[in-house]
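Right, one structure below, let's go through it.
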Protein chains: 2
Amino acid sequence: MNIGQASKASGVTTKMIRYYDEIGLVRPSARTDSNYREYDEREINELRFIRRARSLGFSMPEITQLLSLWRDRDRPSREVKAIADRHLADLDARIAEMQAMAQTLRHLSHCCAGDDRPDCPILADLTQGALPSEPKPKSRRAHVHGG
Amino acid sequence: MNIGQASKASGVTTKMIRYYDEIGLVRPSARTDSNYREYDEREINELRFIRRARSLGFSMPEITQLLSLWRDRDRPSREVKAIADRHLADLDARIAEMQAMAQTLRHLSHCCAGDDRPDCPILADLTQGALPSEPKPKSRRAHVHGG
DNA sequence: CTGCGCGTTCCCACGGTGGGAAGGTCAAGC
DNA sequence: GCTTGACCTTCCCACCGTGGGAACGCGCAG
């Protein structure tokens with residue numbers, strides 16, 4: 001299978017397949033005399049694996065680990081689970097962060113008349129909002145706007 | 001105020017202040033003879049505005065619009081609200097997407113023993129998961145993997 | 001005048017993805 | 001055989017923010 005066929009079979013663009021080759025994630029099993037990449041069923045599956053993993057939000061480094069675990073028939077599922085759980089925690093944190101943004105925005109939007117007049121609580125919030133506000137970096141941590 | 005002072009006053013790094021200058025978002029009101037950027041109170045406020053807007057997840061294009069509305073004393077709050085609502089919808093969509101990922105992952109993780117054995121529902125999902133899933137390419141177009 | 005901190009510009013990197021140019025290859029049709 | 005067009009190759013560039021750092025200029029204090 002050449003790259004185009006691999007692309008159709010895996011649902012990964014040729015650009016991305018070349019990129020995965022370049023970064024050493026999925027190397028074609030062979031090259032033809034004329035330097036065309038050749039992929040076999042196994043690599044197609046790896047490509048699909050990556051596609052699926054990306055759709056679950058895994059980063060490339062995580063996928064690299066996942067893929068090497070996948071290739072190792074003797075992996076302990078513990079390791080896979082650890083990666084998944086770490087990613088899950090990360091995902092949850094980002095969701096929480098975005099929900100905080102959304103909630104603030106929802107409130108602000110709710111308070112905004114949205115008419116022809118210039119008075120706008122949204123701009124008002126943006127204007128004064130989030131002053132440096134760290135006169136006492138005592139025990140509190142974890143600002144929304146991270147620094 | 002030079003860039004360092006502006007940075008302290010606004011909470012925006014000097015790198016970012018230069019970047020905002022470069023893309024024309026916030027230009028220093030003046031330059032000294034020796035080409036140092038000079039910022040006045042107004043620009044410090046704009047910098048803070050941007051910082052706050054970014055903390056709410058607005059993109060640079062959105063901030064560009066927001067900022068020009070902020071500068072216009074006669075803006076209709078309608079326009080501000082429209083931008084905020086669009087961003088909010090975008091945020092909600094991304095949250096939903098990430099929640100779907102998280103839920104799938106949570107389920108998979110839950111099903112994974114996480115021990116020394118190699119059997120792993122997480123890898124199993126990744127392996128076969130998300131087949132191209134187009135048994136009937138009838139009227140539908142718009143492939144995920146575009147040509 | 002020297003030293004240091006701060007300013008300036010310019011380039012590079014990241015993560016992933018896509019666009020496109022310039023050139024080689026392959027299969028099909030004449 | 002030769003042409004054509006689709007496909008392959010590599011290489012560079014862009015995005016969006018953000019940070020790192022080099023090379024060089026400036027300002028203030030000793």
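Side-chain atoms are counted along with the backbone in the values below, which use heavy atoms only and exclude waters and symmetry mates. Chain identifiers are assigned alphabetically (A, B, ...) following the order of the sequence lines, protein sequences preceding nucleic acid strands; residue numbering begins at 1 within each chain.
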Side-chain ion pair, B/Glu22 and B/Arg18, N-O less than 4.0 Å: no
First of B/Asp33 and B/Phe58 reached from the 5' end of DNA chain D, by closest nucleotide: B/Phe58
Sugar-phosphate, base or nothing in reach of B/Ser59, heavy atoms under 4.0 Å: sugar-phosphate
Short side-chain N/O contact from B/Thr13 to OP1 or OP2 of D/dG19, under 4.0 Å: yes
From B/Asn45 atom CG to B/Trp70 atom CH2, the distance as rounded to the nearest 0.5 Å: 5.5 Å
Sequence-aligned protein contact record of nucleotides 1-8 of chain C, with B where the base is within under 4.0 Å of a protein heavy atom and S where only the sugar-phosphate is: -----BSB
Closest-nucleotide ordering on DNA chain C, the 5'-leading residue of A/Thr32 and A/Met16: A/Met16
Flag for B/Ser68-B/Gln65: side-chain donor and acceptor within less than 3.5 Å: no
Length of the line joining A/Leu25:CG and C/dG15:C1', which is rounded to integer Å: 13 Å
Presence of B/Arg54 side-chain N/O under 4.0 Å of D/dC16 phosphate oxygens OP1/OP2: no
Pair A/Arg75 + B/Asp116, salt bridge at N-O below 4.0 Å: no
Gap between atoms CG and C1', on A/Asp21 and C/dT17 respectively (whole Å): 17 Å
A/Asp90 and A/Arg86 ion-paired at < 4.0 Å: no
Interatomic distance where CD belongs to B/Glu22 and C1' belongs to C/dC11 [whole Å]: 12 Å
Spacing between A/Ile50 atom CD1 and C/dG15 atom P, to the nearest angstrom: 15 Å
Test: A/Arg117 and A/Asp115 ion pair at under 4.0 Å: yes
Sole candidate of B/Met98, B/Gln99, B/Glu97 that passes side chain to side chain contact (heavy atoms under 4.5 Å, CB included) when paired with B/Ile95: B/Gln99
5' precedence on DNA chain C between A/Tyr20 and B/Lys15 (nearest-nucleotide basis): B/Lys15
Nucleotide C/dC14, atom P - distance to CD1 of A/Ile23 in whole Å: 11 Å
